[in-house]
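One structure below.
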Amino acid sequence: MAKVKVGLPQGTRDFSAETVRKRNYIFITIRTVFELYGYQPLETPAMENLDTLMGKYGEEGDKLIFKILNNGLDRTEKHLKAKEDFEKVLEGKNVDGITERALRYDLTIPFARYVAMNHGQLTYPFKRYQIQPVWRADRPQKGRYREFYQCDADVVGSTSLLNEVELVSIYATAFEKLGVGVDIKINNRKILGALAELCGGADKMVDITVAIDKLDKIGIDKVKVELLERGLTEEQVSIIEQYLAIDGSNDQKRAKLAALIGHIEIGKKGIEELTYIYEFFNPESSIVNSETLDPTYVSLTIPDSRFTIDDSRFTIHAPLVFDFTLARGLNYYTGTILEVKARNVQMGSIGGGGRYDDLTGLFGVPNLPGVGVSFGVDRIYDVMEELKLFPEDVQVGTQVLFFNLGEAESRAAFGLMQQLRNKGIRSEIYPEAAKFDKQFKYADKKNIPYIIILGAQELEDGTCAVKDLKKGQQETVSQARLVNYPFKF
RNA sequence: GAGGUUGUAGCUCAGUUGGUUAGAGCGUCAGAUUGUGGUUCUGAAGGUCGUGGGUUCGAAACCCAUCAUCCUCCCCA
């Protein structure tokens, strides 16, 4: 038989049982937190019209959008048009005749498109969460895939900074539940705007932010060189140097920042917004306590001890870190910007978000402000794997295996198995009457804690043997009582 | 888009300055063992050495091309 070459598209992966279970653990944790904060689920198609996506992510972003070739280009009557259109594609243009759809690049723009399409029917403030894969034609490397999941929560129709407070709290809660140590970096585009104003005008803002965003990677000297190359004067660069030299505790940073840009109107506003959010998370001013959480709701959704109220850690706190060099590439942000970085591990950001004043304006519905955050599940997975943070009980699959010891025996076993399944016990029967050795090894491999033996002797006696594989102990139980056997999983 | 790494059995990897028939561990299968697993022992199957060309008496090894992979930059989750 000829060996067929098989493979996956670059940057995509299969997920085996073990991986899927771990990922589900992350999904369910994040989803439960979203629901806990009153966000409603939404799903949108994998593909959007190309012009919905183009131009929303900057020039670089546009290049990374996966485009879908139109069907039917081979039809004879379309050849001439298709060839003309393809010439334009070769020039780097996007042409409807060749490609009019594309895979979604993130969840925020499809959400904005959805809100714009349905704005008459929605109740505002509209809070939605969305957990779906996105695709980017990036070159894969560590922590970077071409297909990956995002978990987004956004609220539109409200300018209140209370939304920011909630989203920061969502980050803090979810990462605490996952056991991932993080810093939630926070900044405000208005602060960056003030710096730009101080350095000769708002038109310099992009140049400045792109350069200072690289501070921790290339160092202050190279940033200065880059700024000069981008046409800033020595004097302006000197101001930026002072800005970048801001350090210390959050309070110290804020004081130094105020001294530098506090006299500028927009800068003052930015600092006020930052301060408002920050003070909610001051350890002295707890505003959320255990009484505000309803454990019954959560336990109805998933039984999960991590969400029971057992301590005072739900008093609000968050590892907020002021980072005035934080810029974030997406150009639609206008206010608060957030980025989550995992501690103790080398990995790009595992979450990001911010406030945008007018995202739906791009789709014809103006004056609808919003703010949102995103979790990068695949990177969170990599971080948790590296730091060994997944609980062991995530991997329990089948709980009971019935041995197959013959035709009549397996029929009896099957009936008992259905009883256990009706009780919610995950059970399976070995499909063939194989040797004991083989069936035991199967149970071992699948990490199944109990096996049940029902052979000729048991069939006659109306019993079965229940064996605990971890302890190596076995006891005989009447078939009628098996359904009430005290399994310990 | 730029730069680098690695491709040998199902998996992880050895393989001498280029030299007979390419190895190990793990896994798989069979047996020791026809109703009691994990251990042990014995045996077996399994390889176009990523692909295509070149150099050579001779290539898994050297050269070129190509594909795949992982990583770095850019940007991002």
Side-chain angles (χ1 to χ4, degrees), chain A residues 2-3 5-13 16 26 30 57-65 92 104-108 131-152 171 182 209-211 213-214 217-218 222 226 326-331 338-342 346-353 372-383 401 403-406 409 430 433-459 464-476:
Chain A
K3 201 170 185 178
K5 262 196 181 167
V6 290
L8 286 169
Q10 193 180 38
T12 65
R13 301 150 300 157
S16 60
I26 299 174
I30 293 171
Y57 308 108
E59 212 173 301
E60 287 300 310
D62 283 355
K63 289 184 194 160
L64 301 180
I65 294 171
R104 66 168 163 255
Y105 178 90
D106 71 355
L107 301 179
T108 309
I131 299 178
Q132 289 190 279
V134 302
W135 294 269
R136 294 184 188 178
D138 220 337
R139 180 155 293 181
Q141 53 186 275
K142 187 181 181 187
R144 172 169 304 186
Y145 306 101
R146 287 185 150 183
E147 177 183 62
F148 60 97
Y149 267 80
Q150 291 193 324
C151 304
D152 277 32
Y171 265 150
V182 295
T209 55
V210 166
D213 196 36
K214 297 179 186 170
K217 275 184 190 164
I218 63 176
K222 285 186 180 169
E226 182 158 343
L326 180 64
R328 296 198 50 76
L330 298 173
N331 36 28
L338 296 165
E339 195 163 288
V340 184
K341 206 70 178 96
Q346 175 69 38
M347 179 65 72
S349 64
I350 56 175
V373 293
S374 180
F375 289 80
V377 172
D378 299 80
R379 285 184 178 177
I380 293 170
Y381 179 98
D382 289 344
V383 167
L401 174 71
F403 273 24
N404 186 329
L405 299 169
E409 293 88 338
Y430 200 84
K435 295 202 301 185
F436 258 55
D437 178 73
K438 188 138 182 161
Q439 304 197 41
F440 265 119
K441 281 179 177 161
Y442 179 79
D444 275 339
K445 287 269 167 55
K446 288 190 72 176
N447 204 18
I448 298 171
Y450 287 93
I451 57 124
I452 292 175
I453 299 167
L454 203 166
Q457 190 60 52
E458 287 84 359
L459 195 59
C464 58
V466 179
K467 181 161 187 176
D468 180 333
L469 290 187
K470 295 251 163 55
K471 291 183 181 157
Q473 290 169 355
Q474 180 171 329
E475 61 181 300
T476 304

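Chain letters run A, B, ... following the sequence lines, proteins first and then strands; every chain starts at 1. If you're wondering where the values come from, they're calculated on a predicted model, not measured in any experiment.
Among the protein residues, A:K445 comes within range of the sugar-phosphate backbone only, with heavy atoms under 4.0 Å from sugar or phosphate atoms but none that close to a base.
The closest donor-acceptor contact from the side chain of A:Y149 to the backbone of A:F375 lies at 3.5 Å or more, if one exists at all.
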List the protein contact pattern of nucleotides 31-42 of chain B with one symbol per nucleotide (5' to 3'): B for base contact, S for sugar-phosphate-only contact, - for none; contact means a heavy-atom distance under 4.0 Å.
S---BBBB----
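Taking A:T12 as the reference, A:L8, A:P9, A:E147 meet the side-chain contact (heavy atoms from CB on, under 4.5 Å) condition, with sequence neighbours excluded. In this view, A:Q346 satisfies the side chain to side chain donor-acceptor pair (under 3.5 Å) rule with no residue, not counting sequence neighbours. Shown here are the side-chain contact (heavy atoms from CB on, under 4.5 Å) partners of A:T108, two or more places apart in sequence or in another chain: A:D106, A:D152, A:D154, A:Y332, A:Y356, A:L359. Every side chain to side chain donor-acceptor pair (under 3.5 Å) that A:R13 has, sequence neighbours left out, goes to A:D378. Evaluation of the side chain to side chain donor-acceptor pair (under 3.5 Å) rule for A:Q474 yields no partner, not counting sequence neighbours. Scored by the side-chain contact (heavy atoms from CB on, under 4.5 Å) test, A:Q10 finds A:P140, A:R146 as partners (sequence neighbours excluded). Residues forming a side chain to side chain donor-acceptor pair (under 3.5 Å) with A:Q141 (at least two apart in sequence, or on another chain): none. Applying the side-chain contact (heavy atoms from CB on, under 4.5 Å) criterion to A:A456, with sequence neighbours excluded, gives A:E409.
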Could you give the side-chain donor-acceptor pairs of residues 443-455 of chain A under 3.5 Å, partners two or more places apart or in another chain?
{"residue": "A:K446", "atom": "NZ", "partner": "A:E428", "partner atom": "OE2", "Å": "2.8"}
{"residue": "A:K446", "atom": "NZ", "partner": "A:Y442", "partner atom": "OH", "Å": "3.3"}
{"residue": "A:Y450", "atom": "OH", "partner": "A:K488", "partner atom": "N", "Å": "3.0"}

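Here the separation of B:rG3 from B:rC26, taken at their P atoms, is 43 Å to the nearest Å.
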Intra- and inter-strand pairing of RNA chain B, written as dot-bracket with Watson-Crick and G-U pairs under 3.5 Å and | for the latter, reads ((((.((..((((.....[...)))).(((((.......))))).....(((((..]....))))))).))))....
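Regarding A:R328, its CZ atom lies at a distance of 8 Å from the C1' atom of B:rC76, rounded to whole Å.
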Would you tabulate the nitrogen or oxygen pairs shorter than 3.5 Å linking the protein to nucleotides 68-70 of chain B?
{"residue": "B:rU69", "atom": "OP2", "partner": "A:Q10", "partner atom": "NE2", "Å": "3.4"}

